2 protein chains.
Amino acid sequence: MTSPATEEITHPPRDEIELGAVLHALSDPVRLRIVSALAGTGGERTCGSFDVPVTKSTCTHHFKVLREAGVIHQRQEGAARLNALRRDDLDARFPGLLATIFEAASAS
Amino acid sequence: MTSPATEEITHPPRDEIELGAVLHALSDPVRLRIVSALAGTGGERTCGSFDVPVTKSTCTHHFKVLREAGVIHQRQEGAARLNALRRDDLDARFPGLLATIFEAASAS
DNA sequence: GCTGTTGTACGATGAGTGTCGTACAGTACC
DNA sequence: GGTACTGTACGACACTCATCGTACAACAGC
């Protein structure tokens with residue numbers, strides 16, 4: 001095995017990313033916060049590096065939702081799991097969507 | 001009473017429209033379809049004039065979700081209820097969000 | 001009056017969701 | 001070896017949600 005406790009990390013291909021799933025994924029405040037922080041960073045960040053008011057289990061759940069919606073990409077690196085925003089894929093499929101939502105989120 | 005069967009139609013003021021609520025409202029395929037059709041029309045349309053694959057009860061539920069999220073405005077006109085997109089309010093609060101989502105939706 | 005149309009109200013129901021705690025599996029470091 | 005640390009897995013729970021059927025209220029037209 002290459003991974004610590006999971007079987008496989010699957011991501012939807014770019015063409016199968018659905019708008020409804022993306023909007024639903026970003027409609028949760030915790031997930032929007034995670035993605036906004038990820039966008040501000042630019043690169044990869046571990047799951048535990050986000051300041052969210054939930055437990056580890058809930059965090060795992062949210063990252064799974066984001067990954068299956070096609071919003072983030074996860075990759076195993078030793079014991080840590082590195083998360084990156086799939087900005088290229090999302091911009092190609094839904095141009096301008098991410099930027100508009102981030103701007104709206106920062107405008108609160 | 002001025003209305004047929006409901007007590008009052010309440011809408012959130014512009015400043016209280018929340019991004020999460022809007023994203024959640026638009027993440028449902030039925031509601032996204034309703035709002036897209038409404039955007040294509042431009043003016044007001046009755047609830048029954050939308051071609052959605054759900055019953056009247058479910059339709060009422062979806063219109064309520066859209067109204068309470070601040071996406072649409074509802075107004076009673078005789079026996080019919082007229083729906084209009086709150087484009088000005090949404091554009092003022094979240095600039096470009098509606099246009100981007102509609103473009104993404106049409107790109108399927 | 002009566003009938004049809006429009007839409008809501010009120011359950012009910014099955015599925016999904018966000019949350020948590022506990023237990024466990026890798027990895028890193030001493 | 002042992003001890004942290006990182007994150008998942010599983011079960012549980014309360015809550016929300018999308019859907020429906022039935023009943024009902026207001027209006028329009030005959």
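Numbered from 1 within each chain, the chains take letters A, B, ... in sequence-line order. This one's a predicted model, so the numbers in the text were calculated from it and none came from an experiment.
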What integer distance in Å separates [X]:[atom1] from [N]:[atom2]?
X       : N      : atom1 : atom2 : value
A:Leu66 : D:dG7  : CG    : C1'   : 16 Å
B:Leu23 : D:dC17 : CG    : C1'   : 17 Å
B:Lys56 : C:dG4  : NZ    : P     : 14 Å
B:Ile34 : D:dA18 : CD1   : C1'   : 12 Å
B:Leu82 : C:dT5  : CG    : P     : 19 Å
B:Arg75 : C:dT8  : CZ    : P     : 15 Å
B:Phe63 : C:dT8  : CZ    : P     : 8 Å
A:Gln76 : D:dG7  : CD    : C1'   : 8 Å

Distance-only check: which donor-acceptor pairs under 3.5 Å involve side-chain atoms of residues 27-41 of chain A, not counting sequence neighbours?
unit_1: A:Ser27; atom_1: OG; unit_2: A:His24; atom_2: O; d: 2.7
unit_1: A:Asp28; atom_1: OD1; unit_2: A:Val30; atom_2: N; d: 2.9
unit_1: A:Asp28; atom_1: OD1; unit_2: A:Arg31; atom_2: N; d: 3.3
unit_1: A:Arg31; atom_1: NE; unit_2: A:Ala25; atom_2: O; d: 2.7
unit_1: A:Arg31; atom_1: NH1; unit_2: A:His62; atom_2: ND1; d: 3.1
unit_1: A:Arg31; atom_1: NH2; unit_2: A:His24; atom_2: O; d: 3.4
unit_1: A:Arg33; atom_1: NE; unit_2: A:Asp51; atom_2: O; d: 3.2
unit_1: A:Arg33; atom_1: NH2; unit_2: A:Asp51; atom_2: O; d: 2.9
unit_1: A:Ser36; atom_1: OG; unit_2: A:Leu32; atom_2: O; d: 2.9
unit_1: A:Thr41; atom_1: OG1; unit_2: A:Ala37; atom_2: O; d: 3.0
unit_1: A:Thr41; atom_1: OG1; unit_2: A:Arg45; atom_2: NH1; d: 3.2

D:dT6 OP1/OP2 closer than 4.0 Å to side-chain N/O of A:Arg81 =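 For D:dT6, neither OP1 nor OP2 has a side-chain N or O of A:Arg81 closer than 4.0 Å.
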
DNA chain D-proximal residues of residues 37-51 of chain A, any heavy atom under 4.0 Å =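 Output list: A:Thr46, A:Cys47, A:Gly48.
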
Might you list the N or O atoms of the protein lying below 3.5 Å from N or O atoms in nucleotides 16-19 of chain C, with each pair's distance?
unit_1: C:dG18; atom_1: OP1; unit_2: A:Arg31; atom_2: NH2; d: 2.9
unit_1: C:dG18; atom_1: OP2; unit_2: A:Arg31; atom_2: NH1; d: 3.2
unit_1: C:dG18; atom_1: OP2; unit_2: A:His61; atom_2: NE2; d: 3.0
unit_1: C:dT19; atom_1: OP2; unit_2: A:His62; atom_2: NE2; d: 2.3

inquiry  = List the residues meeting ring-ring contact (aromatic ring centres under 6.0 Å, His included) with B:His73, not counting sequence neighbours, and say none if there are none.
reply    =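 Partners of B:His73 by the ring-ring contact (aromatic ring centres under 6.0 Å, His included) criterion, ordered by chain and then number, come out as B:His11.
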
key: Residues that B:Thr46 engages under side chain to side chain donor-acceptor pair (under 3.5 Å), provided they are two or more places apart   =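 Scan of B:Thr46 (side chain to side chain donor-acceptor pair (under 3.5 Å), adjacent residues dropped) gives none.
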
message = Under the rule for side chain to side chain contact (heavy atoms under 4.5 Å, CB included), what residues qualify as partners of A:Ala21, not counting sequence neighbours?
response =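 A:Ala21 satisfies side chain to side chain contact (heavy atoms under 4.5 Å, CB included) with A:Glu18, A:Ala69 once adjacent residues are dropped.
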
key: Under the side chain to side chain contact (heavy atoms under 4.5 Å, CB included) test, residues paired with B:Thr100 that sit two or more places apart   =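 In terms of side chain to side chain contact (heavy atoms under 4.5 Å, CB included), with neighbours along the sequence ignored, B:Thr100 is linked to A:Leu97, A:Thr100.
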
Which atom pairs, donor and acceptor, lie under 3.5 Å between side-chain atoms of residues 84-92 of chain A and protein residues at least two apart or in another chain?
unit_1: A:Arg86; atom_1: NE; unit_2: A:Asp89; atom_2: OD2; d: 3.1
unit_1: A:Arg86; atom_1: NH1; unit_2: A:Pro12; atom_2: O; d: 2.9
unit_1: A:Arg86; atom_1: NH2; unit_2: A:Pro12; atom_2: O; d: 3.0
unit_1: A:Arg86; atom_1: NH2; unit_2: A:Asp89; atom_2: OD2; d: 3.0
unit_1: A:Asp89; atom_1: OD1; unit_2: A:Arg14; atom_2: NE; d: 2.7
unit_1: A:Asp89; atom_1: OD1; unit_2: A:Arg14; atom_2: NH2; d: 2.9

request  = Could you tell me which non-hydrogen atom of B:Ile72 sits nearest to which non-hydrogen atom of B:Phe63, and how far apart they are?
outcome  =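 Distance-wise, the nearest heavy atoms are CD1-CD2, 3.6 Å.
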
Atom of A:Glu103, atom of A:Ser106 and distance for their closest heavy-atom approach =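 Of all heavy-atom pairs spanning A:Glu103 and A:Ser106, the closest is O-OG, 2.8 Å.
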
Contacts of A:Glu77 that satisfy salt bridge (Lys or Arg N to Asp or Glu O under 4.0 Å) - sequence neighbours left out =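 By the salt bridge (Lys or Arg N to Asp or Glu O under 4.0 Å) rule, A:Glu77 matches A:Arg75.
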
